[in-house]
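Since the structure comes first, as structure tokens, the remarks are kept for the end.
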Amino acid sequence: MISTLPHGLHIAMAASEAVPYAKTGGLADVVGALAIELTKLGHQVTLLLPGYRTQATRESRQPTMRFSIALGGKTVDVSVEEEHVSVTGASHRLRVLFVRYDPYFDREGLYQQDHRDYPDNLNRFALFCRAILEVLQVLADVRGEKVDVLHVHDWQTALCPVYLKARPHEYKGLRHLKTLLTLHNLGYQGIFSGQQFVETGLPPALFSPGGVEFYGSINCLKGGIVFSDAVSTVSPTYAKEIMTAEFGCGLEGVLASRLDGVKGVTNGIDVTVWNPEHDPCLPTRYMATDLSGKHVCKRALQRELELPILEVPLLAVIGRLTSQKGFDLLIEVIPELMSLDIQVAVLGTGDRHLEQQFIAAKARYPNQIGLHLGFNEELAHRIEAGSDMLVMPSRYEPCGLSQLYSLRYGTVPIVRRTGGLADTVVPFRPSTVGSKSATGFHFTDATTESLLSTILLSLYVYKEQETWQSLINTGMNTDLSWERSAKLYVELYRGFWREKGDS
Ligand code: ADP
């Protein structure tokens, strides 16, 4: 039996993805790393994930729980597989529970296939949320384990606090449970037709402005914001931005109505996985005090991407190719950029239109653009290591991870001043250069002019060896570890009891 440690909390972390099991974006990095770091801090962590088809979720585990869930007029049989993961530096292991219902989760994609969302995503994740609560109930009733906090992430798990509050008679063993919802991206809210409401199994009264209804549709994220005990997001700047119509994606009013506000905790990165001194994905390793290996990585990357091996600045682009990321702005300035002596390495997947534009750009400038369309984690490491700069022209960016990896790999980030990009990259200015605190470049307007002039500025500074080295050094020595962020989350969890005085 697992019991809550002295002074420690038992935290259930529920999400639709987490490294190393399933990943489509930054959410997976955050959930996987936070679960490990909280374990290291001495807390008992139970990570709950859907049992997808992906390799890492299918290795000969035995089901340790089975139960039925009635949802949307049918009853389905769910099984739960269990794994215990050793965590270096922790006195106990991280428990990972996989919720299996193969008709929903044994599929090619996590949320979509061939660029189309699965039509039953509401049913899939409503079932997952119900199963999460059922698991916690079994832990409490059968194994005598009291989980203190349920930390849910994004719309896929946002219905957990809704079910918990709306069906208290079903979850009697979970009365003490506090819920925290972390918003990783307001652009994805889990909106479904109001006609599907009956399939959620929620009381009809909740299809109302005070519940999950939003302009006639179901909005899962909104439900989570209304019913969670606390809400946080992944950077202090984004926490402020989402209170405005420009960034709130329609939910700014709902967010503002929370009297306790929205806390901003900046993400860390897994500094053991993302470490140029020990990274097995790289052809050679390097460190801030000796960057010779970074030059080797650059030449190897040029070779891998079939670019000429030249001593020219190499600009990296990594991420989802969507308009959120502002890569359409980059496409527009490609002709100007290509008139300069530079190369661009692109790794991404996303909107078909943008993918096609990058394919066309590559065809036009084969000696200057290296392109890999698809998801390739190892190549992401090699691009972070082998490039000189990384460009993130995001229209909005809750936190952003690629710029953090860049800082760690001595690749200077050029970012739009928004959300976590504003919080994590110290902009090049006379004052920050003087104090040696600058780590990258900011631009404010989401325009091609601002983007281009900032890239040009970075290319100019690149030639100033001493200043460039200082940017690299400061970035590589920045503390980006999860420890700091995880401690802030623990503060949020403990705040439940401090505020309400019912510990
Ligand atoms: P978001 O979560 O909005 O997609 P983040 O910057 O927070 O953006 O996180 C993106 C993560 O996914 C980073 O770890 C980045 O390296 C990775 N990533 C994005 N696209 C790809 C890709 N095509 N191949 C490999 N890794 C990718």
Side-chain angles (χ1 to χ4, degrees), residues 12-18 21-25 27-28 30-31 47-54 57 67-80 96-113 116-136 150-167 171 179-202 206-207 211-214 217-228 251:
M13 182 83 63
S16 56
E17 49 185 282
Y21 305 102
K23 167 167 168 172
T24 65
L27 170 66
V30 172
V31 174
L47 176 60
L48 292 122
L49 298 169
Y52 296 115
R53 182 181 297 176
T54 46
T57 61
F67 43 78
S68 302
I69 293 181
L71 199 62
K74 64 175 182 173
T75 300
V76 302
D77 295 326
V78 172
S79 65
V80 178
V96 190
L97 299 179
F98 300 93
V99 172
R100 275 191 76 167
Y101 179 61
D102 287 355
Y104 279 176
F105 299 118
D106 185 9
R107 296 187 184 176
E108 201 166 304
L110 267 53
Y111 317 119
Q112 52 171 240
Q113 202 169 323
R116 274 169 196 246
D117 285 348
Y118 291 123
D120 57 355
N121 272 346
L122 176 65
N123 310 65
R124 296 172 76 222
F125 290 102
L127 175 74
F128 181 48
C129 290
R130 289 284 304 280
I132 289 164
L133 297 178
E134 209 57 48
V135 168
L136 300 188
L150 171 59
H151 187 167
V152 298
H153 300 262
D154 280 354
W155 74 262
Q156 294 89 343
T157 46
L159 287 182
C160 288
V162 184
Y163 286 120
L164 197 59
K165 296 260 165 76
R167 304 167 70 108
Y171 305 113
T179 52
L180 171 67
L181 166 67
T182 296
L183 311 169
H184 294 260
N185 191 336
L186 266 263
Y188 300 86
Q189 300 180 4
I191 296 175
F192 301 94
S193 157
Q195 288 168 0
Q196 287 182 269
F197 180 75
V198 60
E199 294 162 30
T200 65
L202 285 166
L206 284 195
F207 194 65
V212 299
E213 189 256 349
F214 198 64
S217 297
I218 301 167
N219 186 321
C220 297
L221 198 63
K222 182 208 162 192
I225 294 169
V226 172
F227 287 94
S228 299
L251 291 179

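Side-chain atoms of K222 come within 3.5 Å of backbone N or O of E213 as a donor-acceptor pair. Checked by atom type and distance alone, the side chain of Q189 pairs as donor or acceptor with a backbone atom of L186 at under 3.5 Å. In this structure a side-chain-to-backbone donor-acceptor pair under 3.5 Å is missing from R100 to F105.
Within the model, atoms CD of E134 and OG of S68 stand 9.0 Å from one another, a figure rounded to the nearest 0.5 Å. The distance from atom CG of L159 to atom CG of L164, rounded to the nearest 0.5 Å, is 12.0 Å. We find the CE-CG distance between M13 and L97 to be 13.0 Å, quoted to the nearest 0.5 Å. Rounded to the nearest 0.5 angstrom, Y163 OH and T179 OG1 are separated by 15.0 Å. For the atom pair CG of D117 and CG of L110, the computed distance is 11.5 Å after rounding to the nearest 0.5 Å. Distance CZ/F128 to CD/Q156: 9.5 Å, rounded to 0.5 Å.
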| task | Please test I191 against I218 for side chain to side chain contact (heavy atoms under 4.5 Å, CB included), starting from the C-alpha separation and ending with a verdict. | result | CA-CA 5 Å; I191 296 175; I218 301 167; over 6 Å; no
| message | If you apply the rule side chain to side chain contact (heavy atoms under 4.5 Å, CB included), what do you find for V31 with L47, and how did you get there? | response | CA-CA 9 Å; V31 174; L47 176 60; 3.6 Å; yes
| query | Y52 and S16: side chain to side chain contact (heavy atoms under 4.5 Å, CB included), yes or no, with the steps? | reply | CA-CA 10 Å; Y52 296 115; S16 56; 3.7 Å; yes
| request: Might you work through the side chain to side chain contact (heavy atoms under 4.5 Å, CB included) test for L150 and C160, ending with a clear yes or no? | output: CA-CA 9 Å; L150 171 59; C160 288; 3.9 Å; yes
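Shown here for A22 and A28, the closest heavy-atom pair between the two residues is O-CB, 3.4 Å. Contact detail for A166 and L206: the closest heavy-atom pair is CB-CD1, 3.5 Å.
Side-chain contact check for I225 versus L251: some heavy-atom pair is nearer than 4.5 Å. No side-chain heavy atom of V76 sits less than 4.5 Å from a side-chain heavy atom of L71. Side chains of I69 and L127 form a contact here, defined as non-hydrogen atoms less than 4.5 Å apart. Put simply, the side chain of Y21 reaches to within 4.5 Å of the side chain of F98, judged on heavy atoms. A 4.5 Å side-chain heavy-atom check between L49 and V99 finds every atom pair outside the cut-off. Two residues are said to be in side-chain contact when any heavy atoms from C-beta on lie closer than 4.5 Å; F207 and S217 fail this criterion.
Between H153 and H151, the ring planes lie parallel to each other; the angle is under 30°, not in the 30° to 60° tilted range.
Residue Q113 qualifies as enclosed at atom CD: its count of foreign heavy atoms under 6.0 Å is above 12.
Residues passing the side chain to side chain donor-acceptor pair (under 3.5 Å) test with T157: none are found, sequence neighbours excluded. Among residues two or more places apart in sequence or in another chain, the ring pair (Phe, Tyr, Trp, His ring centres under 6.0 Å) test is passed with Y104 by Y101. Annotation: side chain to side chain donor-acceptor pair (under 3.5 Å) contacts of E17 (sequence neighbours excluded): T24, Y111. Checked against side chain to side chain donor-acceptor pair (under 3.5 Å), Y171 has the following partners two or more places apart in sequence or in another chain: R130.
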May I have the list of side-chain donor-acceptor pairs in residues 192-201 shorter than 3.5 Å, sequence neighbours left out?
unit_1	atom_1	unit_2	atom_2	d
S193	OG	Q195	N	3.0
E199	OE1	N123	ND2	3.0
T200	OG1	F197	O	2.7
T200	OG1	L202	N	3.2

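Sorted by first and then second residue, the pairs that involve residues 152-165 and meet salt bridge (Lys or Arg N to Asp or Glu O under 4.0 Å), not counting sequence neighbours, are K165-D229.
With respect to the salt-bridge test (charged N to carboxylate O, under 4.0 angstrom), the residues R107 and D120 qualify.
Checked against a 6.0 Å centroid threshold, the rings of F125 and W155 count as neighbours.
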